[in-house]
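Report on one structure; see the data block that follows.
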Amino acid sequence: MTAGVGACRVRAGSAPLVLGIETSCDETGVGLVRDGVLLADTLASSVDEHARYGGVIPEIAARAHVEAMVPTVERALSQVGLRHRDVDAVAVTVGPGLAGALMVGVAAAKAYALALGVPLYGVHHLAAHIAVDTLEHGPLPGPSMALLVSGGHSSLLLVPDLATSDVVPLGATVDDAAGEAYDKVARLLGMPFPGGPPIDRAARDGSPTIAFPRAKATDGTFDFSFSGLKTAVARWVEARHRAGEPVPTADVAASFQEAVVDVLTAKSVAACRAHGVDTLVIGGGVAANSRLRALAATRCEAAGITLRVPRPGLCTDNGAMVAALGSLQVAAGVVPSPLEIPASSALSL
Ligand SMILES: Nc1ncnc2c1ncn2[C@@H]1O[C@H](COP(=O)(O)OP(=O)(O)OP(=O)(O)O)[C@@H](O)[C@H]1O
Ligand SMILES: [Mg+2]
């Protein structure tokens with residue numbers, strides 16, 4: 001395939017319509033964004049096919065993307081009465097993520113871009129998780145701080161300019177990601193996968209009275225560690241079983257959750273202070289968590305930091321976030337990607 005890129009074709013009187021494609025994990029997401037406005041956001045998920053394994057099975061995810069890709073694009077376009085030829089640019093997640101899953105979306109995006117004669121923008125999945133917030137709250141002031149908490153990442157990022165991928169990683173998880181910890185703790189409490197939503201719900205009926213450890217809370221870095229917390233919860237639950245006592249699931253969920261969000265919010269505020277930044281944006285699936293949203297709001301208000309968190313439905317993987325970042329790149333005049341751009345499962349920021 002040869003490079004086939006060019007300036008964005010823009011019809012007179014209308015801003016470019018960007019088609020966004022996301023297939024990095026188990027969600028086939030398609031979004032349509034014009035000039036920072038979300039027009040369509042359609043999703044096909046294979047999550048039910050993975051639930052019995054307690055985690056995403058890459059081969060199952062990739063096959064599901066193949067089946068869902070074209071119908072999900074058709075659904076997005078027909079929802080808003082648009083046609084293929086209305087699309088002015090195609091954006092796609094090129095990494096990080098599951099290699100086979102990414103390849104399906106990247107191949108589809110290349111095919112659409114080539115067939116429609118429009119530019120292709122390969123985008124970074126984590127940058128897209130941050131960019132989705134602009135659909136609800138407008139342009140992100142530069143520099144902003146971003147806390148990215150998802151199934152595979154817990155990262156603090158200084159973001160001078162998202163559109164040009166000017167993102168500086170300050171800290172990351174040294175072991176389990178925040179979402180991964182939710183999924184593992186949910187499993188040991190007998191809750192379904194993915195574990196974030198059921199723990200969030202159970203915690204509302206419990207009290208955070210069990211003192212689980214807060215690793216790295218005061219180490220002065222912006223790194224996170226949640227595997228010790230997960231082990232501490234497992235040991236606590238095992239001790240209850242051994243003693244023949246019932247496990248107070250709601251209290252365990254609330255206490256585990258409090259330990260996670262305490263460290264996430266404390267480090268985010270500290271990172272803002274250390275870098276003189278007064279806007280914090282939280283993205284990724286764990287940003288849907290009700291306690292994280294509440295505690296972040298309280299601590300940011302106390303610290304004079306403006307908090308921006310997308311609505312829960314936009315926090316987990318979706319196509320809108322990819323279209324949002326593509327739209328920002330088009331507007332900033334970023335050079336499109338060559339059609340040879342590969343899917344990169346370990347893409348760094
Ligand atoms: N309300 C919630 N509270 C806590 N965690 C949640 C909530 N909703 C979803 N999650 C967690 O979010 C994660 C999924 O988020 P997301 O879709 O962003 O991750 P991913 O795309 O698999 O990972 P990455 O973005 O790092 O590649 C899961 O681990 C899930 O348990
Ligand atoms: Mg994600």
Side-chain angles (χ1 to χ4, degrees), residues 20-29 31 43-47 50-51 54-58 61 65 93-99 101-102 105 123-133 146-155 157 169 172-173 176-189 191-204 224 226 229-230 253-254 256-261 264-265 282-296 309-322 324-325 343-349:
I21 294 177
E22 156 63 39
T23 65
S24 70
C25 194
D26 57 343
E27 322 276 7
T28 312
L43 204 66
S45 178
S46 60
V47 68
H50 308 286
V56 176
I57 307 298
H65 287 309
T93 299
V94 291
L98 303 173
L102 285 167
V123 307
H124 194 287
H125 181 75
L126 302 191
H129 267 308
I130 304 167
V132 76
D133 182 72
L147 172 68
L148 206 294
V149 271
S150 59
H153 297 83
S154 317
S155 303
L157 310 163
T173 182
D176 289 355
E180 194 180 351
Y182 267 93
D183 295 338
K184 288 176 175 172
V185 166
R187 192 167 198 193
L188 71 89
L189 291 176
M191 295 174 181
F193 174 83
I199 288 190
D200 196 350
R201 278 192 299 274
R204 286 175 205 159
F224 300 99
F226 294 112
L229 170 61
K230 170 199 68 190
F256 158 75
Q257 178 161 279
E258 200 61 25
V260 173
V261 305
L264 291 176
T265 52
I282 308 183
V286 182
N289 184 263
S290 60
R291 181 60 186 145
L292 174 60
R293 299 168 83 95
L295 189 60
V309 196
R311 64 181 146 86
L314 290 178
C315 291
T316 42
D317 290 352
N318 59 73
M321 66 193 219
V322 180
L325 183 51
S344 309
S345 59
L347 189 67
S348 58
L349 268 164

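In this chain, residues are counted from 1 in sequence order. Atoms within each ligand, like the ligands themselves, are counted from 1 in listed order. Hydrogens, waters and symmetry mates play no part in the numbers below; they use all other heavy atoms, side chains included.
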* Structure fact -> min-distance protein heavy atom vs atom 21 (O) of ligand 1 -> Asp317 OD2, 2.5 Å
* OG/Ser290 to CZ/Arg204 distance, rounded to the nearest 0.5 angstrom? -> 4.0 Å
* **Reference residue Val260; test side-chain contact (heavy atoms from CB on, under 4.5 Å); the match among Leu229, Thr265, Leu292** => Leu229
* To do: Examine distances only and state if a side-chain atom of Ser150 and a backbone atom of Gly285 form a donor-acceptor pair shorter than 3.5 Å.
  => no
* Which ligand 1 atoms are under 4.0 Å away from a heavy-atom of Ala288? -> 1 (N)
* Asked: Going by the atom numbers of ligand 1, which of them fall below 4.0 Å from some non-hydrogen atom of His129?
  -> 18 (O), 25 (O)
* Structure fact -> closest protein heavy atom to atom 22 (O) of ligand 1 is Cys25 SG, 3.7 Å
* Structure fact -> Residue, atom and distance of the protein heavy atom nearest atom 5 (N) of ligand 1 read Gly196 CA, 3.3 Å
* **Those atoms of ligand 1 less than 4.0 Å from some heavy atom in Gly152** => 23 (O), 24 (P), 26 (O)
* Would Gly97 count as a contact of ligand 1 if the rule is a heavy atom under 4.0 Å away? -> no
* To do: Check whether any heavy atom of Gln257 sits under 4.0 Å from an atom of ligand 1.
  => no
* Can you name the residues that form a side-chain hydrogen bond (donor to acceptor under 3.5 Å, both in side chains) with Lys230, not counting sequence neighbours? -> Asp176
* Any N/O of Thr316 closer than 3.5 Å to an N/O of ligand 1? -> no
* Short list, please: which atoms of ligand 1 are under 4.0 Å from a heavy atom of Gly179? -> 29 (O)
* Identity and distance of the protein heavy atom lying nearest atom 1 (N) of ligand 1 -> Asp200 OD2, 3.0 Å
* Roughly how far, to the nearest 0.5 Å, is OG of Ser24 from NE2 of His65? -> 7.0 Å
* Option passing side-chain contact (heavy atoms from CB on, under 4.5 Å) with Ile282 (candidates Val149, Leu148, Ile130) -> Val149
* Structure fact -> Note, the Mg ion (ligand 2) has protein N, O or S atoms under 2.8 Å numbering 3
* To do: Using the test salt bridge (Lys or Arg N to Asp or Glu O under 4.0 Å), find all partners of Asp183 that sit at least two apart in sequence or belong to another chain.
  => none
* **Spatial distance of atom CG (Leu349) from atom NE2 (His124) [nearest 0.5 Å]** => 3.5 Å
* To do: Go through ligand 1 atom by atom and flag the ones less than 4.0 Å from a non-hydrogen atom of Gly195.
  => 31 (O)
* Asked: How far is atom 3 (N) of ligand 1 from its nearest protein heavy atom, and which residue and atom name does that atom have?
  -> Asn289 ND2, 3.0 Å
* **Contact atoms of ligand 1, heavy-atom distance to Pro197 under 4.0 Å** => 2 (C), 7 (C), 8 (N), 9 (C)
* To do: Report the part of His125 (side chain from C-beta onward, or backbone N, CA, C, O) that has a heavy atom under 4.0 Å from ligand 1; answer both or neither where that applies.
  => side chain
* With sequence neighbours left out, what residues match Asp133 under side-chain hydrogen bond (donor to acceptor under 3.5 Å, both in side chains)? -> His137, Arg308
* Asked: Considering distance alone, does some N or O of Ser24 sit under 3.5 Å from an N or O of ligand 1?
  -> no
* Can you tell me if CZ on Arg293 sees more than 12 non-hydrogen neighbours from other groups inside 6.0 Å? -> yes
* Please say which of Leu347, Thr93, Val94 ends up in a side-chain contact (heavy atoms from CB on, under 4.5 Å) with Leu102. => Thr93
* Please write down residue, atom name and distance for the protein heavy atom closest to atom 13 (C) of ligand 1. => Gly151 N, 3.6 Å
* Within the 6.0 Å centroid threshold, strictly below: Phe226 and Tyr182 -> no
* Asked: Can any side-chain N or O of His153 pair as donor or acceptor with the backbone N or O of Thr173 at less than 3.5 Å?
  -> no
* Tell me, with the steps shown, if Gln257 and Val185 meet side-chain contact (heavy atoms from CB on, under 4.5 Å). => CA-CA 10 Å; Gln257 178 161 279; Val185 166; over 6 Å; no
* What is the closest protein heavy atom to atom 9 (C) of ligand 1, and at what distance does it sit? -> Gly285 O, 3.4 Å
* How many angstroms lie between atom OG of Ser45 and atom NE2 of His50, to the nearest 0.5 angstrom? -> 7.0 Å
* Which residue supplies the protein heavy atom nearest to atom 30 (C) of ligand 1, what is that atom called, and how far is it? -> Asp183 OD1, 3.8 Å
